[in-house]
Amino acid sequence: MPELPEVEVTRRGIAASIEGALVHDVRLGKPLRWPLGAPSRALRGTVVGPVQRRGKYLWLPLRAGDQDRGGLLVHLGMSGSLAFEPRPGPPGVHDHFDLVTSVGTLRLTDPRRFGAVLWSPSLVQPPAARLLARLGVEPFDAAFGGMHLWQGFRRRRTAVKTALLAGDVVVGAGNIYASEALFRAGIDPRTPCARLSRARCERLADALRGTLAEAVEHGGSTLRDFRDAQGHSGSFQLQAKVYGREGEPCEICATPIRRLVQAQRSTYFCPHCQRR
DNA sequence: ATGGGTACCTGTCTGC
DNA sequence: TGCAGACAGGTACCCA
């Protein structure tokens with residue numbers, strides 16, 4: 001599910017409810033990707049600080065009085081969503097983590113359990129630091145632009161779609177938004193990174209930012225699982241120009257959209273509008 | 001160093 | 001109707 005827009009929509013959705021909440025307890029369901037890494041008694045009595053996002057991770061800082069108590073690093077994996085429930089019902093079969101607080105419960109629902117919640121003493125110490133170390137720049141940072149992409153890509157031979165997914169040059173694009181951004185930029189997803197000119201990197205940087213920003217405005221994409229913190233679906237999938245549209249006519253030129261497989265993932269593109 | 005394949009897990013849809 | 005197989009928004013890890 002969740003690429004940068006879905007994670008950002010989630011962050012905004014939970015922030016107002018959970019910030020300042022007093023943690024009463026933690027409930028764990030079936031195991032997620034990693035163990036929590038802290039006994040629940042260590043979390044009780046802490047207060048949740050401002051929720052941050054880094055790439056597709058969320059960070060919930062915890063304090064007790066003036067003491068820093070680290071925080072929770074949350075990843076939604078492929079099928080996860082977080083909901084804030086003022087009066088939660090009993091957990092369902094796919095509800096694998098509850099943060100029970102004074103004002104309600106933050107609940108992670110994740111059928112495939114590729115998601116994770118883990119405690120870390122800070123973002124710059126393990127285990128969080130280890131997971132964040134390989135992440136590229138944020139697409140909405142001033143440091144990101146065509147120049148950054150060009151420098152990150154110029155010694156790479158892999159296909160540009162695969163490199164966007166890898167997230168070590170720029171974070172945020174997953175399988176949907178990588179295809180969509182490349183369509184907007186008019187770049188064939190199979191193009192080797194090193195072949196992209198400065199000018200095309202500029203176009204790609206703009207396209208990526210534009211696509212992600214628009215997706216956030218639409219509440220993200222809901223293919224099946226994704227829900228925001230209030231349980232609403234996103235609608236960006238209705239704006240998608242190529243993703244999931246194999247065989248349908250391109251909006252620009254009416255050529256049928258094609259699907260191919262790169263690194264075991266589907267890529268969608270217009271063979272006429274997108275050039276190497 | 002880079003790049004590819006595999007693994008994790010469950011649900012849904014398609015075609016026979 | 002049943003069942004096998006493909007596919008689904010991510011990414012850490014192992015190997016060449």
Side-chain angles (χ1 to χ4, degrees), chain A residues 1-10 29-35 37 53-58 73-82 92-97 108-118 120 126-136 151-182 190-194 208 211-212 215-216 218-228 233-240 242-247 259-268:
Chain A
M1 146 218 137
E3 306 180 35
L4 183 147
E6 291 74 28
V7 178
E8 178 59 22
V9 165
T10 299
K30 285 191 194 173
L32 293 164
R33 189 173 238 265
W34 296 296
R53 180 189 57 74
R54 174 73 178 102
K56 299 170 190 171
Y57 289 92
L58 290 173
L73 192 68
V74 181
H75 197 291
L76 300 176
M78 203 79 143
S79 59
S81 56
L82 276 177
V93 282
H94 298 310
D95 297 335
H96 303 305
F97 177 84
L108 175 68
T109 305
D110 184 6
R112 291 177 73 181
R113 290 190 283 135
F114 290 170
V117 181
L118 60 83
S120 184
R130 194 171 140 65
L131 295 169
L132 302 183
R134 69 195 75 209
L135 300 187
Q151 287 185 330
F153 282 174
R154 77 184 153 172
R155 280 192 211 93
R156 281 223 201 179
R157 305 174 187 187
T158 37
V160 60
K161 155 70 162 28
T162 311
L164 283 178
L165 275 192
D168 54 347
V169 174
V170 57
V171 297
N175 212 33
I176 298 177
Y177 301 114
S179 280
E180 292 300 316
L182 286 165
R190 298 164 294 188
T191 312
C193 292
L208 181 62
T211 304
L212 296 174
V216 172
H218 284 271
S221 297
T222 297
L223 265 46
R224 54 187 63 199
D225 301 298
F226 178 68
R227 296 279 129 57
D228 70 16
S233 301
S235 68
F236 185 81
Q237 70 280 6
L238 305 173
Q239 316 296 318
V242 289
Y243 186 85
R245 301 195 175 280
E246 183 181 19
R259 169 183 178 270
L260 59 87
V261 174
Q262 296 179 287
Q264 283 90 248
R265 315 290 304 277
S266 290
T267 299
Y268 298 88

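Protein chains get the first letters and strands the later ones, always in sequence-line order, with residue 1 at the start of each.
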Quiz item: Can you tell if the side chain of A:K161 reaches within under 4.5 Å of the side chain of A:L182, non-hydrogen atoms only?
Solution: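 Yes, their side chains come closer than 4.5 Å.
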Quiz prompt | Minimum side-chain heavy-atom gap A:Y57-A:L135 below 4.5 Å | solution =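 Yes, side chains in contact.
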Self-check item: Note: A:R156-A:D168 ion pair, threshold 4.0 Å (strictly below)
Solution: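 Result for this pair is yes, salt bridge flagged.
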Under-4.0 Å side-chain N/O to phosphate OP1/OP2 contact, [X] with [N]:
X	N	answer
A:Y177	C:dG10	no
A:R113	B:dT10	yes
A:R112	B:dG11	no
A:S266	C:dA8	yes
A:R259	C:dC7	yes
A:K56	C:dT11	yes
A:H75	C:dG10	no

Between [Y] and [X], is there a side-chain donor-acceptor contact under 3.5 Å, judged purely by atom types and distance?
X	Y	answer
A:E180	A:T211	no
A:Y243	A:S266	no
A:S233	A:R227	yes

Quiz prompt | For C:dG9, the Watson-Crick or wobble counterpart (both distances under 3.5 Å) | solution =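 Partner of C:dG9: none.
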Quiz prompt | Ring centroids of A:F114 and B:dC8 base under 5.5 Å with planes under 30° | solution =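 Ring-base stacking flag set for A:F114 and B:dC8.
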Among [options], find the nucleotide with the atom closest to the side chain of [X].
X	options	result
A:Y243	C:dA8, B:dT6, C:dA12	C:dA8
A:L131	C:dA8, C:dA12, B:dG5	C:dA12
A:E6	B:dC8, B:dG11, C:dG9	C:dG9
A:H94	B:dG4, C:dG9, B:dG11	B:dG11
A:R157	B:dG3, C:dA8, B:dC9	B:dG3
A:Y57	C:dA12, B:dT10, B:dG5	C:dA12
A:Q264	B:dG5, B:dT10, C:dG9	B:dG5

Interatomic distance where [atom1] belongs to [X] and [atom2] belongs to [N] [whole Å]:
X	N	atom1	atom2	value
A:R154	B:dT2	CZ	P	13 Å
A:R265	C:dA8	CZ	C1'	8 Å
A:Y268	C:dG9	OH	P	7 Å
A:E246	C:dA6	CD	P	16 Å
A:D110	C:dA8	CG	P	18 Å
A:R134	B:dG3	CZ	P	15 Å
A:L164	C:dG9	CG	P	15 Å
A:K161	C:dG10	NZ	P	9 Å

Quiz prompt | Side-chain donor/acceptor contact of A:R33 with base of C:dT11 under 3.5 Å | solution =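 Check passes, donor-acceptor contact within cut-off.
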Quiz item: If you measure from the P atom in C:dC3 to the same atom in B:dC9, how many Å do you get, rounded?
Solution: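 These two P atoms come out 24 Å apart once rounded.
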Quiz item: Using atom P of each nucleotide, how far apart are B:dG11 and C:dT11 to the nearest Å?
Solution: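 It works out to 22 Å between them.
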Self-check item: Residue from A:L82, A:V117, A:L73 passing side chain to side chain contact (heavy atoms under 4.5 Å, CB included) with A:L58
Solution: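 Among A:L82, A:V117, A:L73, the one meeting side chain to side chain contact (heavy atoms under 4.5 Å, CB included) with A:L58 is A:L82.
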Exercise. Take A:R156 and A:V93, find for each the nucleotide of DNA chain B with the closest heavy atom, and name the residue whose nucleotide sits nearer the 5' end.
Key: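 Mapping each residue to its closest nucleotide by heavy atoms, the 5'-most match is A:R156.
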